[in-house]
Amino acid sequence: MLCTSQQLHFASRESASTLHPPPFILQQVCAATVGMSNSDRVVLALGGAGKVGSGIVKGLLDKGFKVAVISRDSSRLEKLRSFVSPNTKDNLTTIVGNVGSEEEAEQAKQALLKEVGKVTDIVSSLGFSWWQGGPPHTQSLKDLHWVIETLLFSTFVSWKAFYPLVRDDSNCTYTFITGGAGEKLLMPGTGFLTVGAASTLAFCQVLREEYPEVPCKLNQVKINTGVATPDHMAPGFLNHLDLGEAVAALIERRNTSHTVFTINCPADLKSVLLERNL
């Protein structure tokens, strides 16, 4: 979700946002990822304090990964820290920051690198959200702009800022978690959700086709059903813990790239992600 309130300040920062980081950064990251185990890998979970993201964070930590989460809301970060398995808390780094604008995302990136030193994997669930504000004729341009900011702009800005950290290493991964709402109207009143989700799906497609030979493993998990916590489950919904475990397994393997994994029901988590039946 895009907000502009909280900012981080540092004595030094990069002068401009770029998809080409300095060579010494790439050398440091590439050297560190050769032959690494899960405990050597640092995953940046964008949207990691949310419902979908928290399940993914827990799944990664339980597999032995180190995980970093950026959020503008310190209370959500504290809630996340109390949610994960107690014996994994030391492997969770939380940073108060905002990825809602290019300048703030660059500041958050510098804070991240200062804390963890390197990033080997990135998973973004920023493009998976919910909106049901009513039919289009009842909405304003401001409402549409908010949806596009939340689903698309934050996904783009964070990708532009953090992708260079993993782009040139075949041992690294970048995984988008998106919803299937962009392909159909889920129910009355969710029209703007369809518009926003469709823009995120299109952005992911553009990345796959614009960068067909990039070394980093670039994948997308498209969820065509609801995701809920165990106490709010509904028929056909995915348990966010099960989803997190499956996404963690996909990131752990890092042997597939430029692939869309479509999840229509809970059974697909096993057949599509865990057993790799596309």
Side-chain angles (χ1 to χ4, degrees), residues 19 21 25-48 52-70 91-93 99 105 109 112-113 116-128 155-156 158-178 200-201 203-223 243-263 269 272-276 278:
L19 291 181
I25 292 181
L26 293 180
Q27 291 170 0
Q28 178 186 20
V29 172
C30 291
T33 55
V34 176
M36 59 189 171
S37 64
N38 287 358
S39 61
D40 296 320
R41 297 168 68 179
V42 181
V43 185
L44 170 61
L46 296 165
V52 173
S54 61
I56 295 172
V57 168
K58 186 177 186 303
L60 289 165
L61 288 170
D62 288 346
K63 279 188 170 291
F65 290 90
K66 295 180 175 66
V67 181
V69 178
I70 300 170
N91 286 333
L92 174 62
T93 298
V99 296
K109 180 172 71 174
L112 171 70
L113 293 176
V116 301
K118 67 177 182 180
V119 172
T120 60
D121 304 86
I122 299 172
V123 56
S124 171
S125 57
L126 296 171
F128 190 98
T155 299
F156 162 69
S158 57
W159 169 82
K160 185 177 180 182
F162 297 105
Y163 185 51
L165 300 179
V166 297
R167 181 197 58 205
D168 294 321
D169 191 339
S170 61
N171 290 296
C172 293
T173 68
Y174 200 118
T175 306
F176 291 97
I177 311 298
T178 62
T200 305
L201 292 177
F203 178 66
C204 291
Q205 178 182 353
V206 166
L207 295 184
R208 290 194 303 274
E209 296 184 9
E210 284 275 14
Y211 308 98
E213 298 179 356
V214 67
C216 174
K217 304 298 189 300
L218 183 65
N219 291 302
Q220 177 186 352
V221 177
K222 184 164 69 71
I223 303 169
L243 174 61
E245 181 182 353
V247 171
L250 172 65
I251 294 172
E252 182 178 42
R253 286 199 310 267
R254 59 183 173 185
N255 60 357
T256 306
S257 189
H258 292 73
T259 301
V260 180
F261 298 88
T262 301
I263 308 299
L269 289 178
V272 176
L273 286 181
L274 297 179
E275 297 178 356
R276 292 170 284 180
L278 302 181

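Computed from a predicted model, the values in this text were never measured in an experiment.
Counting heavy atoms from C-beta on, the side chains of Gln220 and Leu201 come closer than 4.5 Å. The side-chain heavy atoms of Leu60 and Asn91, taken from C-beta on, include no pair separated by under 4.5 Å. Between Ile251 and Lys63, the closest side-chain pair of non-hydrogen atoms is not below 4.5 Å. In this structure, the side chains of Leu207 and Tyr174 stay at 4.5 Å or more apart for every pair of heavy atoms. At least one side-chain heavy atom of Thr155 sits less than 4.5 Å from a side-chain heavy atom of Phe176. Side-chain atoms of Cys172 and Lys217, non-hydrogen and from C-beta on, never get closer than 4.5 Å to each other. Inter-residue side-chain proximity for Leu165 and Leu113 is flagged as met; some heavy-atom pair is nearer than 4.5 Å.
Judged by distance alone, the side chain of Lys66 and the main-chain N or O of Ser39 form a donor-acceptor pair under 3.5 Å. At distances below 3.5 Å, not a single donor-acceptor pair connects side-chain atoms of Thr262 with backbone N or O atoms of Lys222. Remark: side-chain polar atoms of Arg254 are not paired, donor with acceptor, to backbone N or O of Asp121 under 3.5 angstrom. Although no hydrogens or angles enter the test, the distance criterion places no donor-acceptor pair under 3.5 Å between the side chain of Asn38 and the main chain of Gly64. The backbone N or O of Leu218 lies less than 3.5 Å from a partner atom in the side chain of Ser257, making a donor-acceptor pair. No donor-acceptor distance shorter than 3.5 angstrom exists from the side chain of Asp169 to the backbone of Thr120, with no hydrogens or angles considered. A side-chain donor-acceptor contact under 3.5 Å links Asp40 to the backbone of Ser37.
When all heavy atoms of Ala68 and Leu112 are compared, the closest pair comes out as CB-CD1, 3.5 Å. His258 approaches Arg208 most closely through the heavy-atom pair CD2-O, 3.3 Å. Listed here is the closest heavy atom pair of Ile177 and Ile56: CG1-CD1, 3.9 Å. Closest heavy-atom contact between Thr173 and Val166: O-CG2, 4.2 Å. Pairing each heavy atom of Ser125 with each of Gly47, the nearest pair is OG-O, 3.4 Å.
Note that CD1 of Ile122 and OG of Ser158 are 8.5 Å apart. Values are rounded to the nearest 0.5 Å. Put simply, CG on Leu44 and CD1 on Ile70 are 5.0 Å apart, with the number rounded to the nearest 0.5 Å.
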Full working for side chain to side chain contact (heavy atoms under 4.5 Å, CB included) between Val123 and Val221:
CA-CA 10 Å; Val123 56; Val221 177; over 6 Å; no
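Taking the six-membered ring for Trp and thresholds of 30 and 60 degrees, Trp159 and Tyr163 have nearly parallel ring planes, at less than 30 degrees apart.
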